[in-house]
Number of protein chains: 2
Amino acid sequence: MADPGSCNCGPVTPLEIYNQLTAQGDKVRALKSEKASKDEIDAAVKLLLALKVEYKTATGQEYKAGSPPTDNTPIANNGLPPADDGDDFVDPWTVQTGSAKGVDYDKLIVRFGSSKIDQELIDRIERVAGQKAHHFLRRGIFFSHRDMHQILDAVEKGKPFYLYTGRGPSSESMHVGHLIPFIFTKWLQEVFNVPLVIQMTDDEKYLWKDLTLEKAYQYTIENAKDIVACGFDVNKTFIFSDLEYMGQSPGFYKNVVRVQKHVTFNQVKGIFGFTDSDCIGKISFPAIQAAPSFSSSFTEIFNGRKDIQCLIPCAIDQDPYFRMTRDVAPRIGYQKPALMHSTFFPALQGAQTKMSASDSNSSIFLTDTPKQIKAKINKHAFSGGKDTIEEHRKYGGNCEVDVCYMYLTFFLDDDEKLEKIRQDYTSGALLTGELKKILIDTLQPMIAAHQERRKQVTEETVKQFMTPRKLAFDF
Amino acid sequence: MADPGSCNCGPVTPLEIYNQLTAQGDKVRALKSEKASKDEIDAAVKLLLALKVEYKTATGQEYKAGSPPTDNTPIANNGLPPADDGDDFVDPWTVQTGSAKGVDYDKLIVRFGSSKIDQELIDRIERVAGQKAHHFLRRGIFFSHRDMHQILDAVEKGKPFYLYTGRGPSSESMHVGHLIPFIFTKWLQEVFNVPLVIQMTDDEKYLWKDLTLEKAYQYTIENAKDIVACGFDVNKTFIFSDLEYMGQSPGFYKNVVRVQKHVTFNQVKGIFGFTDSDCIGKISFPAIQAAPSFSSSFTEIFNGRKDIQCLIPCAIDQDPYFRMTRDVAPRIGYQKPALMHSTFFPALQGAQTKMSASDSNSSIFLTDTPKQIKAKINKHAFSGGKDTIEEHRKYGGNCEVDVCYMYLTFFLDDDEKLEKIRQDYTSGALLTGELKKILIDTLQPMIAAHQERRKQVTEETVKQFMTPRKLAFDF
């Protein structure tokens, strides 16, 4: 950020430190040549040295005048001071960790400056919602938030809010991990009875990938079918393609331009790591993901009202977009959106490997047959068990790194059953093959049911969801 | 441009030369450390030295490793080699010249890489149009073009084209100079009987100025009234506000994104001089001015056809946008737009001063009363006459720097009368006061008639012009 003090978009990038350093160096030289007082020069030198330390901390390299950090300069932890435990890296396009347990989420909360979803908040959600918290909350899968208490205050006062989540349609097929935000958002929508908007960022996928516009839009439609198959209520839910809705909405583009006026290239460079070689579409895209956070982007739904607060359930890697959005919001006269962040869904091969839509073995896809599900889990799911049955019986397995157990925390609703599995696997009573079978037996019917529901989703139904219209709420 | 060889967007900026220099320096060092052949190293050093000369030519400063050119580094002639005669500077926001005769347009043609509208082209336009060329053509006011022969070929083959021009609505009132592109475009439209789209870049004005969106849109409506008052045919003309049309058009945003994918920040930095501190809205805006050059942006008018060529009459300072557009067009499967460029309309104070909408004395406004017109011309119009009547009678006046004479070349249709004025003023037979009176007598009725027509333009009429719709042409 140009002025880190005035903004909550997170700390500065190596280049920003570099630029500060260069400026500070010039200042020191100027003070010296002006024969300024010793105190003044000393203070300036001190700041210079502090900046050099900061630069080295951020990049792992010494500051060298005249050698700005390049694309290849490591940006340690998204430009933030490195975490003690080393090498977690999280941005909207990359999630990296060296640990089989996955990213250290407590540290991520500190680094992103969000708040932990603690027991007190979960209790309050249960009180306000009048029902038991979703197991994603109970199990720390949605683990971090921003301004969730504000949303609950609003609910208690009878004030409306709305939900916003989204999907980047990068291919035709989605995997089970992609369902997490939608499963949770559906629960929130049912519990609080609020409007929901779902953004399909086909423009983003066109800009980032080797895709035609037509293909990106086609992926939107195919992915929308999977989303609809999660069981959303068409009277309360609006799904939109950026490519299509931009040309249908009286409010969307106006909010995009409002955001674009208040974010500089320096800022998106700091937040997203863009470079001068990136296309201007990528550079301005963050405003397009920001705009649905403001109710006036949806004239049809909110009747032009710009004061309805937004709650965004999303995976934590999307947070940089919304830190930017929250920074801009008050400057354009809007409320900051609230957020609930989920952990990452691990790849079958383990939490430290990257899940890839192009590697069909890295996850269970919504199109997989029962046979494929069984084969993938048996063959690829990283196990926390011991090498031999004897050792396993003796020492027990490790649930913290076992991908089957992790998947069950996502998809096995029954707390008691899950706890029994954990105990039995840890003690060695439950073997890896048996644990895998439990996951197979959980996912096979779940995916089959999804496929059955998806079959019922016609082009006509998708069109209904995607038509800009008033929903079943009066504003 | 990242790759000047493959593009016709015009030469590079100091920063691009600087970056090339830095890279070339690295290459030389690498060759040396790899113990490459002497020939290879010599060739690389030769290129390095050539780049250093280029850098100095462009900036007037020595290249210094580690000191990239800053915002304060002079960009001589928009990053182009400086013209011999010194200090003309032309970009979409600044027109500067040290000469009272105005910018040297022949040199501008060479530097921009466009073509002169020569007598042969004027003759061909007259033949194809079947009528006498407009006096803006005869007098070199529209003096430069790109691909105009292609347009005439199309006309001869009975193939359609369309016209696109625009206006940045930066205030409520327009001055007479703003009418130039519209007067000429209207002539072209009548002569060739083609559709016309007029872009009101209210988003641009919001991004660049201290304006609210609402104010920028209000200026659009007020300016549209002046444009309508020029006498455009509502059945053949579509006027649109970016802020409004973006949310109404199935094709516009898609073309904006297509362009945005194919232009990098480096490119817009080179063409428009943007910096890292500019907002992302400015950085991506050039794509929004580019998109109307493609017929598929106007689904209603062209029925989805993407093969109708576009002809853009505009002042030469807008050319950078369209050099960029022409560079992108073939890469996204579209035809390059053709262009006709006009000279700048001089300020009352002389061709070397900047005309400013905020200085009401710098031009004649469309809202001026006859009295104001008279007072402004008498008081402010820069004169090419001599200091005393005696001297003037003896030595004559200088039409080349006289603003009243320049204005008459724009607004006095009668060639013979104009020529007589030139001769008499040059000989000293016509005094400055008399010349001023001729201009006053020309402009007073012209402006009054405009005001009369503008009064007839209702909100309803503007709305008609601004409604996306099929025009009186079948595609």
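Throughout, protein chains are lettered first and strands after them, A, B, ... in sequence-line order, and every chain is numbered starting at 1.
Put simply, the side chain of A/Q260 reaches to within 4.5 Å of the side chain of B/S284, judged on heavy atoms. A/F252 is not listed as a side-chain neighbour of B/M246, based on a closest heavy-atom distance of 4.5 Å or more.
For a residue to count as touching a neighbouring chain, one of its non-hydrogen atoms must lie under 4.5 Å from one of that chain's; by this rule A/V268 touches chain B with the side chain only. A/E204 does not touch chain B: none of its heavy atoms, backbone or side chain, sits under 4.5 Å away. With a 4.5 angstrom heavy-atom cutoff, A/L213 touches chain B only via side-chain atoms.
Looking only at atom types and distance, the side chain of B/Y253 has no donor-acceptor partner in the side chain of A/D242 under 3.5 Å away.
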Where do A/V257 and B/Y206 land on the side chain to side chain contact (heavy atoms under 4.5 Å, CB included) test, with the steps shown first? CA-CA 8 Å; A/V257 178; B/Y206 168 74; 3.4 Å; yes
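With chain A as the partner, the residue from B/H262, B/E244, B/Q248 showing the most heavy-atom pairs under 4.5 Å is B/Q248.
Atom-to-atom distance recorded for B/K261:NZ and A/K282:NZ is 9.0 Å, nearest 0.5 angstrom. The CD1 atom of A/I283 sits 11.0 Å away from atom CZ of B/F274, with the distance rounded to the nearest 0.5 Å.
Screening B/V263, B/N266, B/T264 against A/I280 for a side chain to side chain contact (heavy atoms under 4.5 Å, CB included) leaves a single residue, B/V263.
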